[in-house]
Amino acid sequence: MRESTMIANALSPVMGAEILDLDLTKALDSATFEAIHQALLDHLVIVFRNQRLSAAQHVAFSRRFGDLMVHVKTEYLLPNQPEVLVLSNKKHSDGRPVGFEDAGRYWHSDMSYVEEPPLGSLLHAIEIPPEKGDTLYCNMYMAYEALSAATKRRLEGLQASHSYLASFEGKTKSGYARDTLTEEQKAQLQEVTHPVVRTHPKTGRCALYVNPGFTVRLEDLPKDEAAELLGELLNQVSKPEFQFRHVWQPHDLVFWDNRCTMHHATPYDTQFTRHMHRTTVKGDRPFAA
């Protein structure tokens with residue numbers, strides 16, 4: 001088998017790499033695909049520059065990595081392409097939002113509230129503001145590795161509960177504008193538990209798996225102790241030294257490993273358009289070594 005000539009250029013010491021001169025509208029040979037997969041494992045976040053993909057091409061490339069997930073917010077899925085979630089501040093002619101406008105404006109790991117959370121997500125920038133609207137990423141390997149030995153011992157075998165509904169209600173009560181969920185959507189969103197420290201199924205490395213977006217409590221600890229420890233962990237995973245900032249360029253396609261990162265969309269001037277398409281690759285149930 002021939003070796004791929006693809007090059008992934010590191011974007012920061014923390015994580016992130018960009019891949020240039022690769023046209024994802026064209027078929028990829030197996031060597032190039034394997035090089036992309038390895039780049040994701042090595043760099044956690046990879047950026048494909050200048051990708052003018054149709055929705056169908058976006059889906060086809062994403063599906064190379066596994067089955068795709070369909071988001072519960074079906075009103076924001078592309079017609080005839082339900083694997084694509086639209087993130088957008090555009091409006092239909094009748095004033096209805098075209099997509100999720102406020103999605104991800106807090107630290108989170110995508111869909112940690114399901115039993116088998118995503119392997120990763122691929123976000124395609126179709127229209128972006130001239131400035132701001134960056135995305136921050138956190139390296140959850142580094143966040144775990146920087147903990148003290150005593151804290152690591154406390155986390156052994158510990159489970160955390162994740163809930164979209166609890167997070168959704170909390171943001172609504174705090175005045176953070178969100179649209180509503182139907183009863184059918186709520187029925188799909190049952191609380192789940194995952195290890196606080198998960199083992200990556202490909203690299204074997206340990207990563208913290210808690211996030212401010214959806215982690216609601218730690219299990220099997222006294223309430224006050226659990227709340228204090230969770231607060232410490234959420235502070236840990238939000239530290240700047242574990243972060244990489246992606247400044248979007250037109251037609252970037254960004255692929256992040258959801259098993260060892262979390263991310264945060266930053267504000268922008270909403271007089272400008274921000275319109276993106278996201279696919280999500282199904283992952284495995286998190287496990288601890």
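Values in this document were obtained by computation on a predicted structure and should not be read as measured data. Side-chain atoms are counted along with the backbone in the values below, which use heavy atoms only and exclude waters and symmetry mates.
Remark: the backbone N or O of Met15 is not paired with any side-chain donor or acceptor of Asn139 at under 3.5 angstrom. In this structure a side-chain-to-backbone donor-acceptor pair under 3.5 Å is missing from Glu191 to Ser163. In terms of modelled atom types and a separation under 3.5 Å, the side chain of Thr32 and the main chain of Leu28 share no donor-acceptor contact. A distance-only check finds no donor-acceptor pair linking the side chain of His194 to the backbone of Tyr113 [under 3.5 Å].
With a 4.5 Å cut-off on side-chain heavy atoms, Val59 and Gln81 count as touching. Looking at Leu208 and Leu147, their side chains come closer than 4.5 Å, going by heavy atoms from C-beta outward. Two residues are said to be in side-chain contact when any heavy atoms from C-beta on lie closer than 4.5 Å; Leu233 and Tyr144 fail this criterion. Contact check for Val237 versus Met140: side-chain heavy atoms found under the 4.5 Å cut-off.
If you run side chain to side chain contact (heavy atoms under 4.5 Å, CB included) between Leu253 and each of His277, His124, Met276, only His124 comes through.
With no hydrogens or angles considered, a side-chain donor-acceptor pair links Ser112 and Asn211 at under 3.5 Å. Looking at Glu83 and Ser62, their side chains never bring a donor and an acceptor atom within 3.5 Å of each other.
In this structure, Lys239 places its NZ atom where more than 12 heavy-atom neighbours from other residues, nucleotides or ligands lie under 6.0 Å away. Heavy-atom neighbours of Lys132 NZ from other residues, nucleotides or ligands within 6.0 Å: at or below the threshold of 12. With a 6.0 Å radius and a threshold of 12 heavy atoms from other residues, nucleotides or ligands, Ile7 has its CD1 atom at or below the threshold. A 6.0 Å sphere centred on CD of Glu115 holds no more than 12 heavy atoms belonging to other residues, nucleotides or ligands. Crowding of Glu145 atom CD: a count of heavy atoms from other residues, nucleotides or ligands under 6.0 Å exceeding 12.
Atom NE2 of residue His71 and atom OG1 of residue Thr279 lie 13.0 Å apart, to the nearest 0.5 angstrom. Taking CD from Glu156 and OG1 from Thr151, the interatomic distance works out to 11.5 Å, rounded to the nearest 0.5 Å. Lys202 NZ to Leu40 CG: the interatomic distance, rounded to the nearest 0.5 Å, is 11.5 Å. Note: His264 NE2 to Asp134 CG = 11.5 Å, rounded to the nearest 0.5 Å. With rounding to the nearest 0.5 angstrom, the CD1 atom of Ile128 is 12.0 Å from the CZ atom of Phe272.
Here ring pair (Phe, Tyr, Trp, His ring centres under 6.0 Å) pairs that include residues 215-235, with residues two or more places apart or in two chains, number zero. Pairs of residues two or more places apart, or lying in two chains, that qualify as ring pair (Phe, Tyr, Trp, His ring centres under 6.0 Å) and include a residue from residues 21-43 are Phe33-Phe65.
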Quiz item: Taking it one step at a time, do Phe214 and His162 satisfy ring-ring contact (aromatic ring centres under 6.0 Å, His included)?
Solution: CA-CA 5 Å; Phe214 304 120; His162 298 249; 8.2 Å; no

Exercise. Mind running ring-ring contact (aromatic ring centres under 6.0 Å, His included) on His108 and His263 for me, showing each step along the way?
Key: CA-CA 6 Å; His108 67 288; His263 56 283; 4.2 Å; yes

Self-check item: Stepwise side-chain contact (heavy atoms from CB on, under 4.5 Å) test for Leu158 and Leu229
Solution: CA-CA 11 Å; Leu158 205 59; Leu229 180 55; 3.8 Å; yes

Quiz item: side-chain contact (heavy atoms from CB on, under 4.5 Å) between Leu119 and Arg259: does it pass, once the steps are laid out?
Solution: CA-CA 6 Å; Leu119 174 158; Arg259 301 162 294 189; 3.6 Å; yes

Practice problem: Starting from the C-alpha separation in whole Å, work towards a yes-or-no answer on side-chain contact (heavy atoms from CB on, under 4.5 Å) for Leu136 and Thr266. | Solution: CA-CA 7 Å; Leu136 301 175; Thr266 63; 3.9 Å; yes

Quiz item: For His200 and Asp257, what are the C-alpha separation, side-chain angles and deciding distance, and is it a side-chain contact (heavy atoms from CB on, under 4.5 Å)?
Solution: CA-CA 10 Å; His200 195 290; Asp257 191 329; 2.8 Å; yes

Show every donor-acceptor pair shorter than 3.5 Å between a side-chain atom in residues 46-54 and any protein atom, with sequence neighbours excluded, or say none if there are none.
{"unit_1": "Arg49", "atom_1": "NE", "unit_2": "Glu18", "atom_2": "OE1", "d": "2.9"}
{"unit_1": "Arg49", "atom_1": "NH1", "unit_2": "Asp252", "atom_2": "OD1", "d": "3.2"}
{"unit_1": "Arg49", "atom_1": "NH1", "unit_2": "Asp252", "atom_2": "OD2", "d": "2.8"}
{"unit_1": "Arg49", "atom_1": "NH2", "unit_2": "Glu18", "atom_2": "OE1", "d": "3.1"}
{"unit_1": "Gln51", "atom_1": "OE1", "unit_2": "Leu24", "atom_2": "N", "d": "2.9"}
{"unit_1": "Gln51", "atom_1": "NE2", "unit_2": "Leu22", "atom_2": "O", "d": "2.5"}
{"unit_1": "Gln51", "atom_1": "NE2", "unit_2": "Arg49", "atom_2": "O", "d": "2.9"}
{"unit_1": "Arg52", "atom_1": "NH1", "unit_2": "His251", "atom_2": "NE2", "d": "2.9"}
{"unit_1": "Ser54", "atom_1": "OG", "unit_2": "Gln57", "atom_2": "N", "d": "3.1"}
{"unit_1": "Ser54", "atom_1": "OG", "unit_2": "Gln57", "atom_2": "OE1", "d": "3.3"}

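Residues forming a salt bridge (Lys or Arg N to Asp or Glu O under 4.0 Å) with Arg278 (at least two apart in sequence, or on another chain): Asp110. For Asp94, the side-chain hydrogen bond (donor to acceptor under 3.5 Å, both in side chains) partners are Arg96, not counting sequence neighbours. For the side-chain hydrogen bond (donor to acceptor under 3.5 Å, both in side chains) test, no residue two or more places apart in sequence or in another chain qualifies with Arg285.
Residues Arg154 and Glu225 are paired through a salt bridge, judged by an N-O separation under 4.0 Å between the basic side chain and the carboxylate. Salt-bridge annotation for Lys282 and Asp67: absent, with no side-chain N of the basic residue lying under 4.0 Å from a carboxylate O of the acidic one. For Glu219 and Arg217, the salt-bridge test passes: some basic side-chain N is under 4.0 Å from an acidic carboxylate O. A salt bridge links Lys73 with Glu75: the closest approach of a Lys/Arg side-chain nitrogen to an acidic carboxylate oxygen falls below 4.0 angstrom. Between Lys90 and Glu101, no side-chain nitrogen of the basic residue sits less than 4.0 Å from a carboxylate oxygen of the acidic one, so the salt-bridge criterion is not met.
Each of Trp256 and Trp107 belongs to its own hydrophobic cluster when Ile, Leu, Val, Met, Phe, Trp and Tyr are linked at side-chain heavy-atom distances under 4.5 angstrom. By the rule that hydrophobic residues join a cluster once side-chain heavy atoms approach within less than 4.5 Å of another member, Leu68 and Ile36 end up as members of one cluster. When hydrophobic clusters are built by joining Ile, Leu, Val, Met, Phe, Trp and Tyr residues whose side-chain heavy atoms come closer than 4.5 Å, directly or via intermediates, Val72 is not grouped with Val98.
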